[in-house]
Amino acid sequence: MPFYSDEIIQELKNQADIALVIQQFLPLKKSGVNRYVGVCPFHDDHSPSMTVNSTLGIYKCFACGAGGDVFKFIQEHEKLDFKGAVEWVANFVGFALPNLGNNVNTEVLEERTMVRKLNELACAWFEEQLTLSPKALEYLNKRRVSPETRKQFHIGYAPTGREGFIGYAARNSFSPRDCVKAGLAVEKENGGIADKFRDRLMIAIQNLSGVVVAFGGRDLSDPASHNGIKLAKYMNSPETALYSKRDILFGLNHSRNAIMKENAVIIVEGYFDLISLYQSGVQNVVAASGTALTENHASILARYAKTAYLVFDGDAAGQNATRRSLEIVLPKGLSPKVFALSRPDGTKIDPDNFVNEQGPDAFRRALRTAEDWLSYLGRTMPNNSPEDRAAFITQAKTLIKSIENPELRNQYLKLVSERYSTTRSLAGIKVTHPKREKAPAAAEQPAAPQVSVPWELLSPIEVRFANLLYRNPTLLDRAAEYFDMDFAASGIQIFDSPLIDEFIQSILAQYAETGAFSPRTLYESLSPQLQLFLEQLPDETWKTPNEILEFYDTLAVLTLNLCDRYKKLIPLDSEAGMRLRMQLNKFTQSIQTISKKRKISAITPDVFAEQIIQSKTPLIELYTEINELAMNGGNAAQFNNAQFAIPQATTAAQPSSPQFAAPQAATAPTAVQFAAPAAQPSQYSQPEMPPEMEAPPPFDGDEPFASSEPPEEAPYDPNEEPYVPDDEPYVPDDDFGAMDDFG
């Protein structure tokens with residue numbers, strides 16, 4: 001099967017903003033720099049538990065564990081294979097995918113892809129046949145469906161022939177058996193195969209992406225031609241690999257923006273009810289697709305609206321449908337209101353005829369008269385005897401008990417007790433949940449390994465330095481100059497935490513290999529633990545040149561911390577040990593001196609940066625001598641082990657890293673020259689986060705963090721006193737001219 005190259009996939013992913021893609025299906029709320037939260041569509045979510053990170057190009061639900069990149073989201077949400085998801089994203093972005101050729105082999109392609117292609121073929125064919133059918137065109141004209149609306153909703157016509165579409169599909173490389181799998185043909189008892197839809201006006205059923213997943217067909221045939229057999233007025237596609245009735249709401253791909261704007265949705269029964277309302281300008285409307293309203297439908301609508309207007313027929317069947325719908329929408333947090341339409345003479349009328357006869361303004365006025373669900377039940381249920389009233393109150397309380405919001409439940413309970421003189425108790429009331437499809441047993445899914453970050457073991461200054469490099473790619477030239485091959489070959493471990501060291505090395509390795517920095521590519525290359533570390537780093541911003549000042553200031557502090565660790569490892573029982581200790585003290589004082597001079601502007605920031613870089617050479621020389629002394633004195637194990645005072649964090653398991661395609665590469669950062677203005681504190685703003693991602697209280701003192709969340713750092717202050725080790729007094733000394741007297 002031909003497929004797109006990795007380079008094409010990566011380039012497309014670079015151009016796709018995952019937040020914009022996901023916002024086509026559900027509302028997202030900004031919660032930081034390029035970070036959003038929303039209600040997860042992959043489980044029955046009642047509060048925003050899904051985080052979307054545009055920088056990393058990922059989404060993650062903290063409740064059900066769903067997560068991945070933009071292609072994974074489209075695959076799971078739209079039930080597409082990977083190739084279909086790539087093509088959907090390309091269409092959304094406006095990315096031109098290369099032509100893979102026309103050698104479509106239906107025996108090799110996934111069934112879902114085959115069904116999708118057949119639906120697209122059928123849709124185009126039905127629309128073409130509509131232009132050739134005066135009868136179908138006349139029917140649409142009578143129903144006042146404009147040519148623009150016909151095109152928008154992909155309305156077509158299926159001719160009367162038994163094998164019209166089957167023959168057309170065969171000429172396009174699809175077999176009759178493929179047509180059966182797609183729900184476009186039926187197999188007869190004698191083994192023959194015929195078109196499923198014949199002499200019917202065809203209405204395309206689309207998913208949220210606009211992909212045609214099924215069809216609804218309205219019978220246009222003459223009843224006298226059926227020998228007394230009454231055909232169904234409407235016939236719908238059966239469920240296929242692409243189409244699940246319980247998941248699809250007809251028209252939602254067109255109406256979701258209007259629903260979000262109005263914060264209300266109108267639920268109607270028929271295809272033409274929706275089409276006529278939408279055409280007239282009442283566009284926050286949906287219809288169930290070939291089935292009654294389902295829990296999945298209600299869950300989907302609850303992402304977009306708070307109020308649901310139920311517009312069903314006023315007959316017994318319509319009342320039963322309304323009551324079933326109340327049982328479904330109330331538990332999902334939707335506030336249902338019910339209304340029926342009528343002509344001036346009082347006769348009932350459906351939304352299609354109403355809006356065509358009286359116009360959209362009259363419909364909106366009628367909508368304002370909708371009853372709350374409790375009033376509707378009280379009006380339509382029998383209420384003549386104590387038994388009738390008891391049945392009504394039990395029904396009302398059953399619905400109230402199904403409401404998950406406790407305060408809303410209490411308000412309705414108060415309302416029913418006041419209106420109908422009953423107790424404010426739900427004792428003995430049992431909620432009858434609608435039948436659900438059996439979900440796969442939890443045991444069938446392997447438990448996801450638990451990965452955590454030991455924030456309490458990580459140095460706050462090292463965490464902040466990691467975040468500084470990650471958030472400021474323009475520093476990577478400077479970092480590469482310091483952490484060069486000589487530094488790597490020396491074996492110096494300047495970071496106390498192996499986790500931070502690995503993270504920094506991963507950033508530098510990517511930059512050295514590509515000459516650019518890509519957060520998404522970095523994320524893909526990390527272990528699960530480091531991915532979690534990256535996800536939980538706080539959003540921070542630095543105002544130039546503060547990020548450069550903090551970079552070199554932090555290198556100075558990290559160097560002093562390293563020297564402080566080395567000091568304790570030098571034995572003082574020999575002349576060589578005493579000499580090394582004095583050299584290390586002199587080196588430490590020199591670092592302190594240049595830090596002090598930078599603080600009081602005795603040297604320019606450029607000179608300060610240059611001297612920090614120069615200090616690397618004597619540091620390597622000192623490290624080599626200290627290591628040799630430890631080896632000769634039998635303290636090699638102590639020397640090597642003591643470099644990491646904080647142990648390597650462990651995980652319950654180390655699963656393979658999620659496979660995310662390479663993202664957009666940033667342009668290669670260039671060195672930023674200091675202008676040497678008066679340094680200002682960085683503008684750090686802690687973003688609003690969901691409860692699951694809230695940062696812990698600020699670090700206070702030298703005690704380790706007790707929280708398992710990343711520490712919140714105080715804004716960088718360039719005027720803060722430089723680090724001075726406890727056991728060494730500060731002694732001013734000449735700055736670095738040459739350190740060649742070490743040795």
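Treat the numbers as computed from the prediction; the structure is a model and nothing was measured. Just so you know, these numbers use all the heavy atoms, side chains as well, and skip hydrogens, waters and symmetry mates.
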Going by the angle between their ring planes, with limits at 30° and 60°, are F82 and F71 parallel, tilted or perpendicular?
-> perpendicular
Would you mind reporting whether S276 and R144 have side-chain heavy atoms less than 4.5 Å apart?
-> no
Could you walk me through whether N53 and Y59 pass the side chain to side chain donor-acceptor pair (under 3.5 Å) test, one step at a time?
-> CA-CA 6 Å; N53 190 315; Y59 69 96; over 6 Å; no
For residues H254 and Y278, report the shortest heavy-atom separation together with the two atoms involved.
-> O-OH, 3.3 Å
Under 4.5 Å between any side-chain heavy atoms of N263 and N284, yes or no?
-> no
Nearest heavy-atom pair of P351 and L341: which atoms, and what distance?
-> CA-CD1, 3.6 Å
Does D372 pair with R419 as a salt bridge, N-O distance under 4.0 Å?
-> yes
Which class fits the ring pair F165 and Y168: parallel under 30°, tilted 30 to 60°, perpendicular over 60°?
-> tilted
Does L310 reach the side chain of F339, with side-chain heavy atoms less than 4.5 Å apart?
-> no
From CZ (R143) to OG (S146), nearest 0.5 Å = 14.0 Å
Quick one: does L242's side chain get under 4.5 Å of L80's, heavy atoms only?
-> yes
With side-chain contact (heavy atoms from CB on, under 4.5 Å) as the test, would you mind laying out the steps for I400 and I429 before giving the verdict?
-> CA-CA 10 Å; I400 291 171; I429 300 297; over 6 Å; no
Rounding to 0.5 Å, atoms CE (M202) and CG (L130) come to a distance of 11.5 Å
Is any NZ, NE, NH1 or NH2 atom of the basic residue among K72 and D69 found under 4.0 Å from an Asp or Glu carboxylate oxygen of the other?
-> no
Can a salt bridge be assigned to the pair E187 and R177 using a cut-off of 4.0 Å between side-chain N and carboxylate O?
-> yes
Evaluate side chain to side chain donor-acceptor pair (under 3.5 Å) for E127 paired with H154, printing each intermediate quantity in order.
-> CA-CA 7 Å; E127 289 184 74; H154 297 289; 3.0 Å; yes
Does Y412 have its ring centroid less than 6.0 Å away from the ring centroid of W373?
-> yes
Separation between CZ of R379 and CD of E371, rounded to the nearest 0.5 Å = 4.0 Å
Specify the closest pair of heavy atoms between N236 and F197, including all atoms of both residues, with the distance to one decimal.
-> C-CZ, 4.1 Å
Are the side chain of S237 and the backbone of A214 linked by a donor-acceptor contact shorter than 3.5 Å?
-> no
Determine the minimum heavy-atom distance between T240 and V213, stating which atoms define it.
-> OG1-O, 4.4 Å
Trace of the side chain to side chain donor-acceptor pair (under 3.5 Å) decision for D350 with N353 | CA-CA 6 Å; D350 59 34; N353 290 324; 3.3 Å; yes
Give the C-alpha distance, both sets of side-chain angles, the deciding distance and a yes or no for side-chain contact (heavy atoms from CB on, under 4.5 Å) between V329 and H297.
-> CA-CA 9 Å; V329 301; H297 293 153; over 6 Å; no
Whether over 12 other heavy atoms sit under 6.0 Å from K196 NZ = yes
Do you know which two heavy atoms are closest between V89 and A16, and how far apart they sit?
-> CG1-CB, 3.7 Å
Has the side chain of R150 got a donor or acceptor atom that lies under 3.5 Å from a matching backbone atom of I155?
-> no
Is the closest side-chain heavy-atom distance between H77 and Q24 below 4.5 Å?
-> no
Apply the test side-chain contact (heavy atoms from CB on, under 4.5 Å) to residues D273 and V311: give CA-CA distance (whole Å), side-chain angles for both, the deciding distance (0.1 Å), then the verdict.
-> CA-CA 10 Å; D273 289 333; V311 190; over 6 Å; no
Just wondering, do K181 and L118 contact through their side chains at under 4.5 Å, heavy atoms?
-> no
Check whether any side-chain N or O of K397 sits under 3.5 Å from a backbone N or O of A427 as a donor-acceptor pair, and report yes or no.
-> no
To the nearest 0.5 angstrom, please state how far the CD atom of E404 sits from the OG atom of S47.
-> 10.0 Å
Using a strict 4.0 Å threshold on nitrogen-to-oxygen distance, state whether R323 and E327 make a salt bridge.
-> no
Walk me through it: do N296 and S299 pass the test side chain to side chain donor-acceptor pair (under 3.5 Å)?
-> CA-CA 5 Å; N296 280 18; S299 295; 5.4 Å; no
W125 side chain reached by N172 side chain, heavy atoms, under 4.5 Å = no
Below 4.5 Å, heavy atoms only, C-beta onward: do C64 and C40 meet side chain to side chain?
-> yes
Which atoms form the tightest heavy-atom contact between L408 and N405, and what is the distance?
-> N-OD1, 3.1 Å
Checking side-chain contact (heavy atoms from CB on, under 4.5 Å) for the pair L184/N119: CA distance, chi angles, key distance, verdict?
-> CA-CA 8 Å; L184 293 164; N119 283 341; 4.0 Å; yes
Got a donor-acceptor contact below 3.5 angstrom from the E239 side chain to the K245 backbone?
-> yes
Determine whether the aromatic ring centres of F153 and Y271 lie less than 6.0 Å apart.
-> no
Return the orientation label for the F126 and F215 ring planes: parallel under 30°, perpendicular over 60°, tilted otherwise.
-> perpendicular
